[in-house]
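Reviewing the structure listed below.
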Amino acid sequence: MNNTKDQRHEQVSDFEEKIMSPMRRARFLKYLGASTAASALILAGCNDDDDAPAMNTPGVDLGSGDIGILNYAYLLEQLEAAFYEMVVSTPYSGISSAETAILTDIRDHEKAHRDFFKAALGTSAIAMVEFDFSSIDFGNRASVLNTAKTFEDLGVSAYNGAGKLLTNGTYLLLAGKIVSVEARHASAIRDLLNPFSADYAGDDVVTVDTGLDLAKSPSEVLMAADAFVKNTIKFDKLPS
Amino acid sequence: MNLLKIFSEIEKVDGDVYEKMSSRRGLFKHLSGGGLKMAAAAVPVLLGSSLNKAYAQSSAVPDILNYALTLEYLEDEFYKSGLAASGLIPENRRAIFQQISKHETAHVGFLKTVLGQLSATPADKPEFDFTAGGKFADVFTNYQTFLALSQAFEDTGVRAYKGRAGELLGNATVLTAALQIHSVEARHASMVRRLREEKGWITGNDSSGLPDAIYEGEDNVTQGGASITSLGYSSGIATEAFDEPLAPEQVLAIAGGFIVS
């Protein structure tokens, strides 16, 4: 695409608009947006935010273009891997052997995804992000599995929404190879919560009329993941 | 180009295509002991460069949508027939298949709508034979056979969408919609696999009693040039963590046996 300067400017403005409205409603305002105006608002919002990043937690810039999208995926895989490492190392009470097997498999898949992105991104990879799982009761089955459901569905919607932002077919195929595994996870976790019901592909995630799963933009996904991420994530240069 | 058009294209350059590719004579002929376990049935390797060229020319968006539509027709009719077969699906499992059926019907309608918006003609629904010429004669009377074919169609569907996503890179709307269908098929696949007491994910190229062609290539452990096993993971985990695509000719070899005309 040969954008003129003006078109690019319009796109930036459009992007600001897209991120600003959820930003205004958001409880968390530590994500850095696209412009100085957005940043000013964000910084103002951070003043009375209890969950503002600690001074010693470094900011993380996802970068731009395809690399930015891969770093975005790497961030999400880091989140999932860290979560399941906790789940497996501190099993909830009453966990069954079948559940342990499923959750251990998922942990290993997410770690493999994480380490794959780290290897593939090389020197372009973001640092390891710090997570805050204090809102999760790891001893409680419902707390763990509902969080797992949230993360898996979020991952599916993130990859579905990010596909069109990639320009390289190899990366798109890799994202495709991963997203269907995330969807397999989501299905299994949902079935553990409500066995043999329609919830494994429930009407809350699959639109009834079209049969389409959710697809979310990076800003929507990062807002949803925000409560669990300690670092300030800068995503303003991602394609949109 | 839909599946049937692909058939005819192949026939032009290889008159024996049906004999070589038809699951009736190839993939599905190695039934042993009346069970579903297939002997190693190689995917036909007949496809030469002229065919590859034909496939390469088929990358227009409407052709890909019609390819998807044909697979959705197959799934849609399969589940409608299964749900209509009295006594086939246990009462306490019907909700699962009603949900799948609902989605496949929605996919058919959605793809037709998108094709209409592109001023393209939706492919006609083929005539299906889910017994594949009698090889699965009890598909609508034996729940285990029904489950096995359900798994085959769902896992193949996931692989088929994945195999053509790259051709949609220039069309953000259609690409996103295809990805949104792709992940729904994966949710289905995971559930059906687990009903068969398999893992929801695919380990190596384990075909779990289904034709090997369905899982060919799923044992790949190298992603984007990186060996996942050399990152410290078992080949089981490395293959489970990444689903692999299927090319149209591979999908055709699997699905073709269920298409009469």
Side-chain angles (χ1 to χ4, degrees), chain A residues 101-102 105-106 108-113 115-120 156-157 159-191 196-203 205-215, chain B residues 92-93 95-96 98-100 102-110 113 158-159 161-163 165-167 169 171-173 175-191 193-195 199-202 223-226 228 231-234 237-238 240-245:
Chain A
I102 288 172
D105 271 0
I106 297 179
D108 291 344
H109 302 162
E110 307 299 5
K111 285 173 64 184
H113 292 164
D115 293 353
F116 160 72
F117 279 116
K118 187 178 199 304
V156 170
S157 69
Y159 281 102
N160 282 349
K164 68 175 183 182
L165 304 178
L166 290 166
T167 63
N168 179 307
T170 302
Y171 298 154
L172 175 63
L173 178 58
L174 280 164
K177 290 179 179 203
I178 293 174
V179 65
S180 54
V181 174
E182 304 293 349
R184 291 173 190 274
H185 294 167
S187 171
I189 295 288
R190 285 170 158 267
D191 185 61
F196 305 120
S197 71
D199 281 7
Y200 67 96
D203 294 352
V205 281
V206 182
T207 305
V208 173
D209 291 350
T210 57
L212 300 185
D213 214 323
L214 296 177
Chain B
N92 59 1
R93 300 292 180 266
I96 293 166
Q98 282 163 343
Q99 191 74 353
I100 298 185
K102 183 170 82 179
H103 293 158
E104 309 304 5
T105 303
H107 293 162
V108 167
F110 175 78
T113 301
V158 173
R159 302 192 69 184
Y161 276 96
K162 205 188 314 293
E167 295 173 66
L169 257 178
N171 189 321
T173 305
L175 171 60
T176 302
L179 289 170
Q180 289 173 284
I181 295 177
H182 169 249
S183 61
V184 172
E185 302 293 345
R187 288 178 189 267
H188 297 167
S190 175
M191 187 69 223
R193 293 176 64 89
R194 294 179 60 248
L195 288 178
K199 288 182 176 187
W201 23 94
I202 300 164
Q223 302 298 344
I228 306 303
L231 294 173
Y233 297 94
S234 68
I237 291 299
E240 288 172 2
F242 295 84
D243 279 344
E244 299 295 325

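To find a chain, count down the sequence lines: A is the first, B the second, and so on, and within it residues start at 1.
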Looking at every heavy atom in both [X] and [Y], which two are closest together, and how far apart are they?
| X | Y | result |
| --- | --- | --- |
| B:Val184 | A:Gly211 | CG2-O, 3.5 Å |
| B:Leu169 | A:Thr167 | CD1-O, 3.6 Å |
| A:Ala188 | B:Ser190 | N-OG, 4.0 Å |
| A:His109 | A:Val181 | ND1-CG1, 4.2 Å |
| A:Leu172 | B:Ala165 | CD2-O, 3.6 Å |
| A:Ala112 | B:Ala241 | CB-CB, 4.1 Å |

Max heavy-atom pair count under 4.5 Å with chain A, selected residue of [options]:
| options | answer |
| --- | --- |
| B:Gly200, B:Ser234, B:Gly163 | B:Gly200 |
| B:Gln223, B:His107, B:Arg159 | B:Gln223 |
| B:His182, B:His103, B:Met191 | B:Met191 |
| B:Tyr233, B:Tyr161, B:Phe110 | B:Tyr233 |
| B:Leu231, B:Leu179, B:Ile228 | B:Leu179 |
| B:Ser183, B:Ala186, B:Ala172 | B:Ser183 |

For this session: With a 4.5 Å cut-off on heavy-atom pairs, point out which of A:Val206, A:Asp105, A:Ile178, A:Asp108 contacts chain B the most.
Result: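 With the most close heavy-atom pairs to chain B, the winner is A:Asp105.
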Problem set entry | Residue selection (most heavy-atom pairs with chain B, distance under 4.5 Å) from A:Lys177, A:His185, A:Lys164, A:Arg190 |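 Of the options given, most contacts go to A:Lys177.
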Which answer fits [X], side chain, backbone, both or neither, if we ask what part of it has an atom under 4.5 Å from a heavy atom of chain A?
| X | answer |
| --- | --- |
| B:Ile100 | both |
| B:Val158 | side chain |
| B:Leu175 | side chain |
| B:Phe242 | both |
| B:Lys102 | side chain |

Evaluate the side-chain proximity of [Y] to [X]: yes if any heavy-atom separation is below 4.5 Å, no if none is.
| X | Y | result |
| --- | --- | --- |
| B:Trp201 | A:Ile106 | yes |
| A:Ile102 | B:Arg194 | yes |
| B:Ile202 | A:Arg184 | yes |

Exercise. Checking side chain to side chain donor-acceptor pair (under 3.5 Å) against B:His188, which of B:Glu104, B:Arg193, B:Gln99 comes through?
Worked result: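 Option passing the side chain to side chain donor-acceptor pair (under 3.5 Å) with B:His188: B:Glu104.
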For this session: Determine the sole option in A:Leu212, A:Val179, A:Leu214 for which the side-chain contact (heavy atoms from CB on, under 4.5 Å) test with A:Asn160 is passed.
Result: A:Val179
Toward chain B, the part of [X] with a non-hydrogen atom under 4.5 Å:
| X | answer |
| --- | --- |
| A:Lys111 | both |
| A:Ser180 | both |
| A:Asp199 | neither |
| A:Tyr171 | neither |
| A:Val205 | side chain |

